Amino acid sequence: MNKNILTQEVQQYINANLNADLHSLLLKKSPFNDVSIQEIVQQIKGKKVASKKFPFLLKEGIVFPAQLNLEQSSSEITAIYKSNMVKGESFIDLTSGLGIDAYYLSRNFSKVTLVEQNIDLLEIVENNWNILGKEARFVHQKLEDFLDQNKDTFDTIYLDPARRDHHKNKVFLLEDLSPNILEIEEKLLSFSNEVIIKLSPLIDLKYLVSALPRIFRIDIVALKNEVKEILIFLSKNKVKEIVCHCVNLESGEPIFTFNVGDEESVLKEYFEPEQFIYIPNNSILKAGTFNLISEKFGLKKLHPNTHLYTSMHKIEDFPGRVLKTQIIESKQIKKNSQYNIISKNYPLKPEEIKKKYGLKDGGERYLIFTQSKKGKIILKSI
């Protein structure tokens, strides 16, 4: 970390150029001999990202890392959600990164350790935590080396493995992550009764359950209906049931909780649309509880491959969107009308539907193109 970034003159220059055109700024020569224009622009980018993603870092003296580290960091909102899960005396984050998760997860612990192999990144986090008045032990070491030499135990271990290979390509399998989760699982559990691992939202849940028999909890975390991360909890104790929590933050929707495996025992029945249509949020769709969600809320499913549900009377506290609808014919769709288009188990994608019917996107009304057991149907919100 270049500590010259923290001088008053440099900080004033950064703040004065927060709204500057960054491409033009990069073409200029830095007004400072000991801070490059690239470093200045990176701080401006960091402040812009922080204003949306982790606003608690918008304080004087905070330093921001390279763009990739900013992109890979958890948001403040998802980190706060995780902070309510754990408590104890000692906490360790084995892949500290920018330290967003560690900052919130460690709030309920008296002893905090952060491990990070990138020395520049670790120095940034140490500087930032000093500014924020938060204490920790900062360890510059590769995770594998730390585990080989460690003698301590921790109440909770947290890690967010790197999900890119040596060629910067994204990877998803546990054995392809860095570190390899399958190789270090037993060692992690020898140091703690509880291990939390953050994984890609694209990872397959059935694969996870089969690959890691010590999982006792899975959290599918979405933010404003975009799945951001999968959290798995490992325990050294024998696991009888795996509990899954489907969460859609900043939606006002309730958390949907179920036991993994319950989906298989649900009776499958399909019905034609009634007055209300229910669209589960994406955390539930990621979980694959397509029949269990209908049983839990007393809803009727439209079709084996249509993950839409219906009822005659409105069900409150459903974890997703609820629309009052009616079936219409295609000839009732007026050209240049404005709708939000939803296509579920239908041959055409929303863009193709808009082009075919000459529709404008947006507004408060919805058109749902889908299938029931009887065939293709169009539903309009009313």
Side-chain angles (χ1 to χ4, degrees), residues 74-75 77-95 100-102 104-109 153-161 163 172-174 177 179 181-182 184-223 227-249 251 253-266 280-290 292-293 296 319:
S74 293
S75 67
I77 293 167
T78 57
I80 289 172
Y81 169 75
K82 290 191 278 280
S83 72
N84 297 316
M85 301 174 177
V86 291
K87 62 180 178 179
E89 182 181 354
S90 57
F91 168 87
I92 185 168
D93 186 337
L94 291 170
T95 52
I100 305 299
D101 280 332
Y104 284 99
L105 272 162
S106 64
R107 288 196 301 187
N108 297 322
F109 296 84
T153 58
F154 306 90
D155 292 310
T156 299
I157 294 176
Y158 178 78
L159 65 155
D160 178 5
R163 299 192 285 272
F172 307 103
L173 296 179
L174 298 171
L177 303 178
I181 299 302
L182 299 182
I184 66 170
E185 178 189 10
E186 292 300 325
K187 188 169 287 187
L188 292 172
L189 289 169
S190 71
F191 298 136
S192 177
N193 290 325
E194 183 175 69
V195 176
I196 305 173
I197 305 174
K198 174 184 167 184
L199 297 169
S200 164
L202 298 179
I203 199 162
D204 183 76
L205 299 188
K206 290 184 178 179
Y207 159 71
L208 277 181
V209 172
S210 64
L212 293 171
R214 303 291 188 89
I215 294 177
F216 70 91
R217 172 175 171 173
I218 300 173
D219 281 39
I220 304 171
V221 183
L223 175 60
V227 178
K228 294 292 187 180
E229 58 197 46
I230 306 293
L231 301 173
I232 59 172
F233 296 69
L234 307 180
S235 171
K236 65 173 60 176
N237 300 319
K238 189 175 181 180
V239 177
K240 293 183 179 180
E241 291 182 331
I242 302 172
V243 178
C244 184
H245 302 274
C246 298
V247 185
N248 189 16
L249 301 175
S251 68
E253 298 168 2
I255 297 174
F256 182 66
T257 302
F258 64 96
N259 291 328
V260 174
D262 286 355
E263 172 75 8
E264 306 304 320
S265 62
V266 178
N281 68 47
N282 284 331
S283 70
I284 292 171
L285 295 178
K286 173 64 183 178
T289 57
F290 306 129
L292 188 60
I293 190 76
K296 290 277 187 178

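All residue numbers in this chain count up from 1 along the given sequence. Everything quoted here is computed from the prediction, not taken from an experiment.
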Task: Derivation and outcome, side chain to side chain contact (heavy atoms under 4.5 Å, CB included), residues Y207 and L173 - done: CA-CA 9 Å; Y207 159 71; L173 296 179; 3.7 Å; yes
Open item on the list: Taking the side chain as everything from C-beta on, heavy atoms only, tell me whether I196 gets closer than 4.5 Å to V86.
Closed with: yes
- [ ] Would you name the heavy atoms of S74 and K82 that are closest together and state the gap between them?
- [x] OG-NZ, 3.7 Å
Task: Candidate pair F216 and L234, rule side chain to side chain contact (heavy atoms under 4.5 Å, CB included), full reasoning - done: CA-CA 6 Å; F216 70 91; L234 307 180; 5.7 Å; no
TODO: Not counting sequence neighbours, which residues clear side-chain hydrogen bond (donor to acceptor under 3.5 Å, both in side chains) with N281? List them please.
DONE: E253, S283
Task: Note, C246 side chain near I255 side chain (heavy atom, < 4.5 Å) - done: no
Open item on the list: With a 3.5 Å distance limit and no angle check, can you tell me whether S90 reaches the backbone of D155 through a side-chain donor-acceptor pair?
Closed with: yes
TODO: Nearest 0.5 Å please: distance from the OG atom of S190 over to the NZ atom of K236.
DONE: 7.0 Å
Open item on the list: Using side chain to side chain contact (heavy atoms under 4.5 Å, CB included), reason through I230 and I218 one step at a time and then give a plain yes or no.
Closed with: CA-CA 7 Å; I230 306 293; I218 300 173; 4.0 Å; yes
Task: Inter-residue atom distance L105.CG - K87.NZ, 0.5 Å rounding - done: 14.5 Å
Open item on the list: Is the shortest side-chain heavy-atom distance between P213 and V239 below 4.5 Å?
Closed with: no
Task: Rounded distance (nearest 0.5 Å) linking atom CD1 of I157 with atom OG1 of T95 - done: 11.5 Å
Task: Euclidean distance, T156 OG1 relative to N193 CG, rounded to 0.5 Å - done: 9.0 Å
- [ ] Could you tell me whether the side chain of L177 reaches within less than 4.5 Å of the side chain of L199, counting heavy atoms only?
- [x] yes
TODO: Say whether, by atom type as modelled, one donor and one acceptor occur between the side chain of S265 and the main chain of D262 under 3.5 angstrom.
DONE: yes
Open item on the list: Any non-hydrogen side-chain atom of I181 less than 4.5 Å from a side-chain atom of L159?
Closed with: yes
Open item on the list: Using only atom types and a distance under 3.5 Å, with no angle test, would you say the side chain of K228 pairs donor to acceptor with the backbone of A222?
Closed with: no
Open item on the list: Ring-plane angle category for F109 and F91, please: parallel below 30°, perpendicular beyond 60°, tilted otherwise.
Closed with: tilted
Open item on the list: Restricting to side-chain contact (heavy atoms from CB on, under 4.5 Å), what partner residues turn up for S75, sequence neighbours left out?
Closed with: K53, I77, T78, L223
TODO: Please report the shortest heavy-atom distance between V260 and C244, naming the atom on each side.
DONE: CG2-CB, 4.1 Å
Open item on the list: As an exercise, state the distance from CZ of R217 to OG of S235, rounded to the nearest 0.5 Å.
Closed with: 13.0 Å
Open item on the list: As an exercise, state the distance from CD1 of I197 to CG of L94, rounded to the nearest 0.5 Å.
Closed with: 9.5 Å
Task: Taking every non-hydrogen atom, the tightest pair across D101 and A79 - done: OD1-CB, 3.5 Å
- [ ] Please lay out, stage by stage, how I293 and F258 fare under the test side chain to side chain contact (heavy atoms under 4.5 Å, CB included).
- [x] CA-CA 9 Å; I293 190 76; F258 64 96; over 6 Å; no
- [ ] Could you list the residues that satisfy side-chain hydrogen bond (donor to acceptor under 3.5 Å, both in side chains) with E241, not counting sequence neighbours?
- [x] N259
Task: side-chain hydrogen bond (donor to acceptor under 3.5 Å, both in side chains) against N282, all qualifying residues, sequence neighbours excluded - done: none
- [ ] Compare all side-chain heavy atoms of M85 with those of F233 and state whether any distance is below 4.5 angstrom.
- [x] yes
Open item on the list: Once side-chain contact (heavy atoms from CB on, under 4.5 Å) is applied, do any residues pair with L182, and if so which ones, sequence neighbours excluded?
Closed with: L174, E175, N180, A211, L212
Open item on the list: Any heavy-atom pair between the side chains of Y158 and I92 that's under 4.5 Å?
Closed with: no
- [ ] Identify, with sequence neighbours excluded, every residue that meets side-chain hydrogen bond (donor to acceptor under 3.5 Å, both in side chains) alongside S83.
- [x] R107
Task: Residue pair P161 / K198: nearest heavy atoms and the distance that separates them - done: CD-O, 3.3 Å
Open item on the list: Could you check whether any side-chain heavy atom of V247 comes within less than 4.5 Å of a side-chain heavy atom of I220, counting everything from C-beta outward?
Closed with: no
Open item on the list: Between R214 and E194, does any NZ, NE, NH1 or NH2 come within less than 4.0 Å of an OD or OE carboxylate oxygen?
Closed with: no
